[in-house]
Amino acid sequence: MPGLGTTFGRGGATTFVQDLENADCILIEGSNFAECHPVAFRFVMKAKERGATIIHVDPRFTRTSAVADIYAPIRSGSDIVFLGALISHVLESGKYFREYVDAFTNADYLVREDFKDTEDLDGIFSGWEAGENLNDSSILNAGTTNSGDASAIDGNKHSAYNRETWAFELEEVPRYDGNGTVKVPKRDPSQQNPRCVINVLKRHFARYTPEMVEDVCGTPREKFFQIAEALTKNSGRERTTAFAYAVGWTQHSVGVQYIRTAAILQTLLGNMGRPGGGIMALRGHANIQGATDIPTLFDLLPGYMPMPAVARKEQTLAEYLGTNTKPTGWWANTPKYFISLLKAWYGEHATAENDFCYDYLPQLTGNHSMMSTTIAMKDDEVEGYFVIGQNPSASGMNGELTSDAFEHLKWMVNIDAYETETASFWKREGTDPTTVATECFYLPSAVVLEKEGTMVNTNRMLQWHDKAIEPPGDTVTDAWIFYTLGKMFKAHYADSTDPKDRPIQHMTWDYEHPDAHERAKGEPSIHRIMKEINGYSVADGTQLKTFTELKDDGSTACGAWIYTGVAPDDTKLMSRNRKADDWVSLEWGFSWPANRRILYNRASADAAGKPWSERKKYIWWDEAQAKWTGVDVPDFPVGKAPNTPAKPGASGMDAHGGASPFMLNLDGQAQLFTAGLLKDGPMPTHYEAVASPVKNALYGQQNNPVAMEWRRSDNAYNGTDNPDYPYVLTSYRVTEMSGIMTRYIPWLAELQPAAFAELDPELAVEKHIRNGDWVTISTALGEIEARALVSGRLQPLRLGKGRRIHQIGIPYNYGTMGHATGDSPSNLIPFVMDPNVSIHEAKSGTCNIRLGRRPTRTRTVVDEAVPQHKPEGQPSLHGAQRDTPGA
Amino acid sequence: MTALRDISPDASGRGVGDGAPLVPAAVVGYYDQPLLKRPHWEASVKIYLFLGGIMGCSGLLAMIVGDGDPERARVARNARYTSIVLATVCPPVLISHLGRPERFLNMMRVFKTKSVMNMGVWGLLAFSGVAGAGAVGQLARDGFLPRWMRILGPTWAVNVPLGLLGAFISGYTGVLLSATAIPVWGVGKRHIPAFSLCSGVAGASSLASALLVLQGGSERMQHKLVALERVAATAEFALLQHFRAYAGDFGTPMFAGKQGKRLSTWTMAIGILGATAIEALPVRSKWKSLLSAAMTLTGGYVLRDVLIEAGKDSADDPKAAFRQPE
Amino acid sequence: MGNGFFTDTTLCIGCKACEVACKQWNQLPSDGYEFTANSYDNTMALGATTWRHVAFVEQPVDEHDPTVNRWLMMSDVCKHCTNAGCLEACPTGAIMRNEFDDVFIQPDICNGCGYCVPSCPFGVVDLIPHQHGIATTFATDGRTNDDAVQSHGGIAGKCTLCYDRQKVGFDPACAKACPTESIQFGDVDELKDRARKRVEQLQARGVAGARLYGVDETTSVGDLNAFFLLTDTPDKYNLPERPVLPSTRQRPGYTSAALAAGALALAGFAIFANGKTE
Amino acid sequence: MAIKPRVDLSTLFGRAKDALRLDERIGKAPNLPSKRTQELQGRVARGKPVVSVCPYCAVGCSTLAYVSDDGKLLDVEGNPDSPVNGGHLCPKGSAIFGLTVNEARWTTAKYRAPYATEWEDKPLPWVMDRIAARVIETRERTFVRERDGKRVNHTLGIASLGGATFGSEENYILGKLLHSLGVVSIENQARI
C-alpha cells in the first residue's frame, strides 16, 4: 500500500498483531477491528486490560466501538479532515515528538520554490494538466515503487499532474570521495525557512481545524479533543500509540492519501518502528499480503518490482534497470533482484547475451486493473477470463456491469470450491441463459486443508500449512491446475518456431513431486516451487540464506527476493518454524524481509542508537559488540554505527548515515512530504467522494482531480449533493460472514441469514420504516432490497450550516447463492478508481431508501434498448440512465 | 426501543400501510423472548392425567366402600374392574408420548425419589400389580377363576394398598406439574395436587354411579356415590376459586383468555355446577344420572387439558419467569 | 471442586465463535435461517441444538435520545446448576452429574419424556426434533462425527460442557475458541475467585452495575457451575432474577395431595358408614 | 493361609449389590452412567493433528485439523501453540470443518456450453483440454508483438482475476505462466 510505501519505503504493515498488546493507546479508524479481525483484536483487549486507551472512529457504532474507551462518529469519506486536523493540532501545539522528527524525517528539507500548495490553488497542487477525467484504460499505474509519470507520457486526454515541482530544492555538496560535487536536498536544521517541509505541512493543514472536523465529519468537537489528548499523551519517549486500519480507509477515490495522512501523523508522534506503535494494516484475505508480495497484479513483478511498461520506455533491460534502480537506498539493488527473477523464470535460456530474456516479459500499455479490464470486456476487447477464488459479480463493484461484461466473453474459467454468482452469472435474475454465448468452465478446487503451501498473514508473516486430507471427488489444487496447463502449453508449443512462443518453451517448469502418489495425480511439488521463490545458486542449486547473496550476473536465481531465506536449505523451511514465545516469536513462521517483525525498528532507538526509553526498548546499538541488537532482527545494516556519516554521492546504502531507519527511501528518512511519488499530491488533501451529499467545505475542488471515472450509462454516478440521493451509503462485512466461503455453511448462515440495511431511528420514522421491514436502497446505478435494521448504533450527524446527514450501512457479504442470501451492494456502487492503486470507492457513496421491496429485475427493458453483444455505453439492467458530472 | 416514540412524527407512532406501530411497544426483558421452554406434552399426556386420576380414585373408592354387603360389594367390584381396565390402558397411553417409546423401560433402571415421574412409574407398576391381584380375586369370587384364588381378595390386604396407591397415582400427577419451573404450575404447588385429586374422586364416583345405574343397582349406593361426587366436586370448585385468587398474575394463563373461558365453561359451569344442578332435579331417571356423570367426566378432562395448555402459555411469559414463584 | 465456565460479558465482542465452535464440535444442525432484526441476534435463545447463544442488548442514551451508547453482549450457556432441576426431574437417570461435577444428558438413555424441559428454571434444555439432521447439510461420506447429536432425534439436548473433550484433557470447544477469553473454563472455585477480583477491578474502574450471576447465590438452585459477570440486571440478558429449584415444590405438593386424599377418604367413609343396618 | 467360610453372605450380598450397581440405581438422585458414557472419548483422541492455517481473514490463525487413520476429517480447531491465535478462532475459523465437509460443495468439473441453460458434469481431463484449447486459440488470435512501433509481446485477449485466497506458491506459478503467455490483465483482491 503506497500510502505507507511512499512514506516509509515499504507497503506492508509496519508491526505485528501481537505487539498491539504493548500499545498505550490504539486508534482504530477505517477498520471494524473487532468484527473483521476478532482474533487479532484479542491483543487490543489485552492492551485495554493493561490500561491502554482504545479509540474507535467509525460511521457506525460497531462491536469494536462497544468495547472501545472512546467512540467518535464520523461521516464516511471525511477521514482526511479528521486526521489532518490531528496533524495540525500536534504541529500547532508543538506536541509532536520533536527529537524523533528531527532525526528521522525530511522535516527540515526545503521544498522547491515553484511548488504551489492546495492553499494557493484552491485544492489543486502545481503541475495540474487539465483534461477529460475519463478513464480510457490507458493511464499507467505506478505500482508501489516510485516509477514513471503517467501524465508526462500518456497521449490520452485525462487530467493528471506534472509532478516535477513536487520536489525538494537541491544544493551542490562535495562528493564523499572528494571528486566533484553532487546534488542533494537542501536542509535548514533550524526549520525557520517557511519552505521547510514541516512549515509547508503546517500551512497545508492549517485549515483542518476542530471546527472543520465538526462541520465536515460531523464529529463532535469534544470527541476530537478527547482523541487528540489521548494520542499526544500516549506518544513520545515513554509511551507509544498504534494505528489500525483496513479497507475502510483504502476503498476511496483518495484511498492512498487516507493512509498517507495516518503515516504523517504517526511519524510526527514518533511512533514508527517502535514497540506498541506503528501502523497495523489489517488485510482481508488469507493471502492478500502474499498476493501482493508475489503478485497476481498487472503492474507488479514479485518483490515489488514494476512490470515493464511502454509508457516508461522500458523496451530493453538497460532501460528497465535505468528507471527502476535507485542511486541511493536499498533499491540500488534492483538489478540483482530483477536479473535473478529472470534466471528463475527462464533458467539457462536467460543469459547476459540475450538480456536474460528480458523481452520475454510482456509490456504494459495502460491500466490493466480489474475495473479497466471489466470495461474492456464489456467493450468486447477481452475473449477469455480466469476467475480463481473470486466472486466479482457479488463482491465487486457495479455487479450488473460486471456480469454483463461476462456475457461479452467468448469463454470463462471459474476455479472455486462452490458455485458462485460469478460462475453462474448467466443464470442471474432477469437473464435468459439462451441469450448468453459465453462458454463457461468450472474447476473444483481444493480448500486449505486439502493442500500444503504458504500463506502470508497481514503482518508479512509466511506460514506453511501441511496437507491434512485428500480433496473430494474430482477436486484438484489450484497448483495442479496451473501446473497442468503449463505442461499442456509447453507440449503444444514444443516445436513452434514462433518467437512469441519462446517464453512458454523456455519457462522453467520442473516441479515434479518427489512423492509417487502425488506425482501420479500430477500434483506439482510445492516445496520445489518454494525453493525457486527463495532463490538458489545457479551453479550448484544450493539455496540462498539471504537476499544479500543475490547477484546481477546471472549466477543466482530467485523468484521473490523479499522471501529469500525462508528456505535456507533443502531440509529447512523457516515458514514452518513453530516455536513461539510470549512476544516477538522470531521462531514462529518467517516474516519478510529477513524475518523482521517490526519494520524500521532502528527508529526504536534515538539518533545515537540508545533506546528512547527503558520502557520502550526494542532495538539498540551495542557499543561493545559494535552491532545493532535487541529482541527483533534489526531492520538496518547490523554493523552500521549510529554515528556513521552519510556519504553524499555514494551509491546504495553508503549514501545513508547511521541514523536513517527508512532504508528503502532514497535518503533513508520518513517522507512527511513525498517528492512526486504519488499521483494526487505530495501531501494529503481532503476531497469529497465522487458521490457525496455535500460540497467540499475546504476547497473549490470537489473530488480528487486525478481520480478515474467511467462516465457511461452503465456506470451512472450520483454526483454531488444530488437531492435524489440524500443519504450517505457505506458498506462493510460482518464477523459471521465473508462471502461465498461462508454463505454455504449453515453454522454461519444462521447467525446472519439475510442481507440487511442499517439505518438510524430518526430516518426510519421519517421514512415510515419499521425494524425488520423490507426496504429498497437506490443509487443512480440501480437498486437493491434488504431487511431494515433500525438501530441507534447509527446516528444522524450534524454538519456545517445545520445540515443533518443520515448514514445507511449495508453489509457486503450477500448474494443469491448459499443458505444466507440477499442483494449485494455491488449493484449500487459504480466504478471509480483511485489514481495510485486503481482501487474502487466502496466505502462512501450516496443513496436513497424507501419502504418496500424492489421490482423483480427484468431484462426486457434493456433488450429493447440494446441488442445483445453490442459494445459500449448501453444502459445497465436497472440503473438509472442519466449521466451525472463527477468532478 | 421506547425512545423512538418521542421522535415519532405522530403521537400514535403509526406508520403507513398496515397501520402497525412504527415503533414496537416497550419490550419486556430480552425482545419479549420467552425465558422458559414450553412443555411438549400433548393429548396423550392429558388423557393419561385424566384416566390416571379416575383409575387411582377408583382404587381409593374400592377401599372406601369395601365389601361389607352385597350392595357395597357390587360398587367395590365395579371400582376394582375399572381400576384394572384403566391400569391396562394407561401405560400404553403414557408410553406413546415419549420421544423414544422403545426406551420406556429406562424409566425402571433407577429408583429415584427426587423424580416425581420416576416415582409415578413405580407407583403405577405397584398399583397395576395390586389392582391385578384384586381383579383376580374378584374374578375368582365371581366364579370366573378357581375358588382358591379368592385368597387374593378382595380382602383388606388388597383393598388398603389399592386405596393408598390409588390415592398416590391420582395425586402425584398434580405434584409432577407443580414441581416444574412453569410459573402457573409452580404457584399451584398446593392447589393443583389437591383439586386434581378431588376431580379424580368426583370422576371415579360419578363413573361408578353411572355403572351402577346401568346395572340397575342399589339406589341407596348410587345416592351415596353421588353424595361423595358432590363433596369432591364442591371441594374442587372451592380449591379452583382459591387458586385463582392466590395465583394472581401467575394464574393468568389458566384463568384468563381462552383457557380461562374453557375452564369456567366446561369444568366449573358444566362439570361442577351443571352436574350438581341436574342431580338436584326432582326427577327420577337413569338418564339424569348418566348425563350428570358425563358432565362431570368431561369437566374433569377439560381441567387436565386446560392445566397443560396454561402451562405452555405460562412458559411463554418472560415476566412470570424472571421472578419465579417460590 | 468441579469444572465450569466463567463468562465475563465485559470481554465479549459478540463474535459468536462460541456458537459455531460448539455446533462444529457437537455436529449440531443449524436452526434455520430467519432474520429477526433483533440487533445482531438471529438465533435468539438456547435450544435443543443451540448450546451457546450470544445475546445482544442495545442500550440508548435515554428515553429521548435513541443513540446507542452501550451494546451489551453475553454468551449464554447451560448453567450446570449445583441443584439441577433437569437432573432431579429426569425419570431415567439419563441426566447425570459427571466426575467433573457437570450435568450431562446420556443420549443413549434418554427416552424423551420431556419432563426436564419444563423443569429447567433457565429454559435451557429442550427436545431435539426427529430427523433433524446435519446430514442434510454435510457430506454423508462418513466424514461427519458418528457421535453427532442429530442421530438422537426425540431426546433432550443441551450443553454437555464438552464432557467428551474433558475426558481426553481438552477444554470445551466454546471456551477454547473464544478470542477474547470472555469464556473462561476451569476449576469452579478458582474461576469464582478470579471473578470476584474482576468485579472489584471493574467497579474500581467505574463500570456501572458490574455484578456476578450464579456466585454466592441464596436461591434454591444454588451456585452455578457456569456463571456470569453482568453489567446490568439479569432480565436484560433473559436470565431469571431468582430461579427456583422445582423440586422444592414436591413436599408441599405431596402433602396437599395426601391431605386431600385423606379428607375425601374420611368423607367417603362417613358417607358409606352405617350401611349395614337397614 | 486362612480358611474362608464356605459361604460368606455379606460378600455375596456385596457382590450382588455391586453387580446390580444398587448404589448408583437407588436414591434421591441416583447417578448411573451407561456403557457409552463410561467409554465416551472426544473424537480428537482417535485422530492425528495436522497443522494448517485459517483461510478466511489475513490474521493468519494457526489451526489443527484432526484426521482419522482412514483419512477422514474429524475436527478443526485453533492451534494452541500459535502466538497469533493461541488456540482461539473466530466464528468463520471455527467453521472450517463446514467449509471443507459440505454437501453443497461442487466437487466435479463442469461445463456450460454457449446458450445452455444448465451446467453439466464433464470429466476433468476433457475440461482441461478444452480450456487449454480456448486459451491457445485466443492467444494466437490476440497476441500483439508491437504496438505503435514499440515491442509489447502481450495479449489483452486473456485476463485473470484471483490470488488472495490461495497459496503464494500457486500465485507464483500462475503469474509466471500468465506472463509467459503474454497475459498482462492480471488482478486479485490485493488491489489496495
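Chain identifiers are assigned alphabetically (A, B, ...) following the order of the sequence lines, protein sequences preceding nucleic acid strands; residue numbering begins at 1 within each chain. This is a predicted model, so every value here is computed, not measured.
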Shortest non-hydrogen separation from A/Ala754 to C/Phe35 and the atoms involved | CB-CB, 4.0 Å
Turns out that what part of A/Ala820 lies under 4.5 Å from chain C's heavy atoms comes down to neither
Roughly how far, to the nearest 0.5 Å, is the CZ atom of A/Arg793 from the OG atom of C/Ser39?
-> 5.5 Å
In terms of heavy-atom contacts, A/Pro38 and C/Pro179 come closest through O-CB, 3.8 Å
What distance do A/Ser791 atom OG and C/Trp71 atom CH2 have between them, rounded to the nearest 0.5 Å?
-> 7.0 Å
Within 6.0 angstrom of A/Arg798 CZ, more than 12 heavy atoms from elsewhere | no
Validation row: A/Phe61, C/Thr67 side chains within 4.5 angstrom (heavy atoms) = no
In terms of heavy-atom proximity below 4.5 Å to chain A, should C/Asp41 be classed as side chain, backbone, both, or neither?
-> neither
Below 4.5 Å from any heavy atom of chain C, which atoms of A/Ala788 appear? Answer side chain, backbone, both or neither.
-> backbone
Interface moiety of C/Leu11 toward chain A, non-hydrogen atoms closer than 4.5 Å = both
Side chain, backbone, both or neither: which part of C/Tyr40 has a non-hydrogen atom closer than 4.5 Å to chain A?
-> both
Does A/Leu751 offer a backbone N or O that forms a donor-acceptor pair with the side chain of C/Lys16 under 3.5 Å?
-> yes
Could you have a look at A/Thr735, A/Thr64, A/Leu789 and say which one has the most heavy-atom pairs with chain C under 4.5 angstrom?
-> A/Leu789
Can you say whether A/Val67 sits under 4.5 Å from chain C via the side chain, the backbone, both, or neither, judging by heavy atoms?
-> side chain
Anything in residues 187-202 of chain C with a heavy-atom distance to chain A below 4.5 Å? Please list those residues in order.
-> C/Arg198, C/Gln201
Contact part of C/Thr10 toward chain A, heavy-atom cut-off under 4.5 Å: side chain, backbone, both or neither?
-> backbone
A/Glu49 portion near chain C, given a 4.5 angstrom heavy-atom threshold = both
Interatomic distance, CG@A/Leu748 vs CD@C/Gln24, rounded to 0.5 Å, equals 11.0 Å
Name the member of A/Ser65, A/Pro73, A/Ala40, A/Ala749 that forms the most heavy-atom pairs with chain C at distances under 4.5 Å.
-> A/Ala749
If you count heavy-atom pairs under 4.5 Å with chain A, which of C/Glu19, C/Glu181, C/Gln59, C/Glu34 comes out on top?
-> C/Glu34
Nearest atoms (heavy-atom pairs only) where A/Asn771 meets C/Ala37 | ND2-O, 2.6 Å
Per-residue tally against chain C (heavy atom, under 4.5 Å) across A/Lys48, A/Met45, A/Lys46 peaks at A/Met45
Turns out that what part of C/Cys178 lies under 4.5 Å from chain A's heavy atoms comes down to neither
Give, as side chain, backbone, both or neither, the part of A/Phe41 having an atom under 4.5 angstrom from any heavy atom of chain C.
-> side chain
Contact class of A/Thr821 relative to chain C, heavy atoms under 4.5 angstrom = neither
Examine whether an atom of A/Gln752 lies under 4.5 Å from a heavy atom of chain C, and if so say whether it belongs to the side chain, the backbone or both; otherwise answer neither.
-> both
Distance from C/Thr36 atom OG1 to A/Phe756 atom CZ, nearest 0.5 Å?
-> 10.5 Å
From CD (A/Glu750) to CE (C/Met44), nearest 0.5 Å | 13.0 Å
